[in-house]
Amino acid sequence: MIKAVKNKNKLTGLLIFITLVLGVIYLSLFSAREEKKVIEKIDLSGNHFLSKEEYFNFARLNKLSDYRFLSPSIIKDRLEKHPYVFSADVRFVDEDKVQVVIKEKSFQAVLLTDSDQYLITESFMLVPLFSFTKNVDLPVIENPLVTGKLKSFDILKTDETKSAFRIIDAIKMINPGIYSELSDIDLRHGRDIVLRFRGYDFEIIFGRGNEVPKLMSFEKVWDRISKDKQNADSFINYVDLRFSKLIYIGVAGLEPEAKGIKG
């Protein structure tokens with residue numbers, strides 16, 4: 001008698017437990033179905049190098065009829081596969097609207113080789129430069145000394161590219177105005193580096209090494225040149241930074257002039 005009561009109590013407890021578990025599962029499934037949202041609008045911001053339409057085309061977000069099959073995680077995954085995108089934050093901002101905020105990779109320069117062109121990131125990764133890319137207001141690094149064929153997503157961390165990056169970073173730090181005019185860093189396949197600036201015909205023979213001291217000296221010359229840009233460009237053939245504590249200025253029709261500006 002006592003044993004039968006105990007078995008009955010155990011069975012009752014088991015049935016109650018099973019009922020509770022099934023109820024929780026049912027409520028979870030029901031709630032999931034109720035809370036599932038259908039995307040009808042996608043808004044994207046944070047783009048600088050490409051239009052919203054180009055990102056949508058890449059991520060296959062250009063057909064409204066397909067939106068009902070999407071979710072924030074799918075949109076995020078597709079956009080983060082784009083070579084220009086570092087991260088994508090995707091979330092609902094309304095019942096049927098998704099807001100996407102992308103963060104593009106930080107590019108240091110455009111890299112030109114004899115046959116190809118790339119964007120190069122701060123971590124020295126080569127990213128393909130698409131023809132429809134816009135706002136590429138970056139200095140150009142050209143004629144690097146490389147062995148073998150380069151391809152997209154290679155890491156080109158060589159002594160030459162590191163030197164070019166040091167020049168870019170030093171100019172940014174010393175004088176952002178000079179950086180804004182920097183157009184080319186010609187690595188000349190391992191020979192003396194040459195710099196070129198927008199709106200000026202003469203070149204800066206930079207040489208190799210001592211990037212910061214050279215650029216700090218050059219800033220003093222730049223101040224004088226930029227104040228009388230037209231005249232300076234007409235009589236200066238080149239500026240040579242390769243000599244310790246001196247800057248040589250090649251003047252049209254005259255012997256080079258040595259400026260005693262300490263580096």
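Fair warning: this is a prediction, and the values are worked out from it, not measured in the lab. All residue numbers in this chain count up from 1 along the given sequence. Only this structure's heavy atoms are used, side chains among them; waters, hydrogens and symmetry mates stay out.
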For [X], enumerate each residue passing the salt bridge (Lys or Arg N to Asp or Glu O under 4.0 Å) test, keeping only those at least two apart in sequence or located in another chain.
X: Asp223; result: none
X: Glu160; result: Arg208
X: Arg78; result: none
X: Asp154; result: Lys151

Answer yes or no: does atom [atom1] of [X] have more than 12 heavy-atom neighbours from other residues, nucleotides or ligands under 6.0 Å?
X: Phe86; atom1: CZ; result: no
X: Arg188; atom1: CZ; result: yes
X: Lys97; atom1: NZ; result: no

Atom pair [atom1] ([X]) and [atom2] ([Y]), whose distance is rounded to the nearest 0.5 Å:
X: Ile171; Y: Met216; atom1: CD1; atom2: CE; result: 13.0 Å
X: Gln117; Y: Asp114; atom1: CD; atom2: CG; result: 13.0 Å
X: Leu241; Y: Ile193; atom1: CG; atom2: CD1; result: 11.0 Å
X: Arg91; Y: Ile75; atom1: CZ; atom2: CD1; result: 13.0 Å
X: Ile39; Y: Leu64; atom1: CD1; atom2: CG; result: 12.0 Å
X: Lys162; Y: Leu156; atom1: NZ; atom2: CG; result: 11.0 Å

Report yes if some heavy atom in the side chain of [X] is under 4.5 Å from a heavy atom in the side chain of [Y]; otherwise report no.
X: Lys149; Y: Ser115; value: yes
X: Tyr55; Y: Val100; value: no
X: Ser152; Y: Val127; value: no
X: Ile204; Y: Arg196; value: no

Sequence neighbours left out, what passes ring pair (Phe, Tyr, Trp, His ring centres under 6.0 Å) with [X]? Give chain and number order.
X: Phe243; value: Tyr248
X: Phe58; value: His82
X: Tyr200; value: Phe202, Trp222

Can a salt bridge be assigned to the pair [X] and [Y] using a cut-off of 4.0 Å between side-chain N and carboxylate O?
X: Arg68; Y: Asp66; answer: no
X: Asp240; Y: Arg242; answer: yes
X: Asp96; Y: Lys41; answer: no

Lys/Arg cation over aromatic Phe206: Lys214, 6.0 Å, 45° cone: yes
Let me know which of Asp116, Thr121, Ile120 forms a side chain to side chain contact (heavy atoms under 4.5 Å, CB included) with Tyr118. Asp116
Minimum heavy-atom distance [X]-[Y], with the two atoms named:
X: Ile102; Y: Ala88; answer: CG2-CB, 4.1 Å
X: Asp192; Y: Gly207; answer: OD1-CA, 3.6 Å
X: Ala170; Y: Val212; answer: CB-CG2, 4.0 Å
X: Ala109; Y: Ile168; answer: CB-CD1, 4.1 Å
X: Ser87; Y: Glu80; answer: CA-OE2, 3.5 Å
X: Phe197; Y: Leu195; answer: CE1-CB, 4.1 Å

Please lay out, stage by stage, how Phe153 and Leu126 fare under the test side-chain contact (heavy atoms from CB on, under 4.5 Å). CA-CA 5 Å; Phe153 310 113; Leu126 302 182; over 6 Å; no
Counting N and O atoms only, with roles assigned by atom type, does the side chain of Glu142 sit under 3.5 Å from a partner on the main chain of Leu111, one being a donor and the other an acceptor? no
Counterpart residues, side-chain hydrogen bond (donor to acceptor under 3.5 Å, both in side chains), relative to [X] (two or more places apart):
X: Glu122; result: Ser106
X: Lys105; result: none
X: Asn210; result: none

Go through the structure and list residues passing side chain to side chain contact (heavy atoms under 4.5 Å, CB included) with Phe56, not counting sequence neighbours. Ile42, Leu44, Lys52, Leu61, Tyr67
Show, in sequence, the C-alpha distance, side-chain angles and deciding distance for Ser123 and Lys157, and conclude whether the side-chain contact (heavy atoms from CB on, under 4.5 Å) test is met. CA-CA 8 Å; Ser123 58; Lys157 191 174 184 179; over 6 Å; no
Hydrogens and angles aside, do Ser163 and Glu211 bring a side-chain donor and acceptor to less than 3.5 Å of each other? yes
Using distance alone, with no hydrogens and no angle criterion, decide if Asn237 and Glu203 have a side-chain donor and acceptor under 3.5 Å apart. no
The test is side-chain contact (heavy atoms from CB on, under 4.5 Å); show your working for Gln108 and Asp169 and say whether it passes. CA-CA 9 Å; Gln108 187 83 321; Asp169 290 337; 3.1 Å; yes
Ignoring hydrogens and angles, write down the donor-acceptor pairs under 3.5 Å from the side chains of residues 129-139, residues two or more places apart or on other chains.
from	atom 1	to	atom 2	distance (Å)
Thr133	OG1	Tyr84	OH	2.7
Thr133	OG1	Phe130	N	3.4
Thr133	OG1	Phe130	O	2.8
Asn135	ND2	His48	O	2.8
Asp137	OD1	Arg198	NH2	3.3

Is [X] linked to [Y] within one hydrophobic cluster, defined over Ile, Leu, Val, Met, Phe, Trp and Tyr using a side-chain heavy-atom separation of less than 4.5 Å?
X: Val93; Y: Ile74; answer: no
X: Ile225; Y: Ile174; answer: yes
X: Val140; Y: Leu145; answer: no
X: Ile185; Y: Met173; answer: yes
X: Leu50; Y: Val101; answer: no

Run the side-chain contact (heavy atoms from CB on, under 4.5 Å) check on Thr158 and Val146 step by step: do they pass? CA-CA 9 Å; Thr158 65; Val146 296; 5.6 Å; no
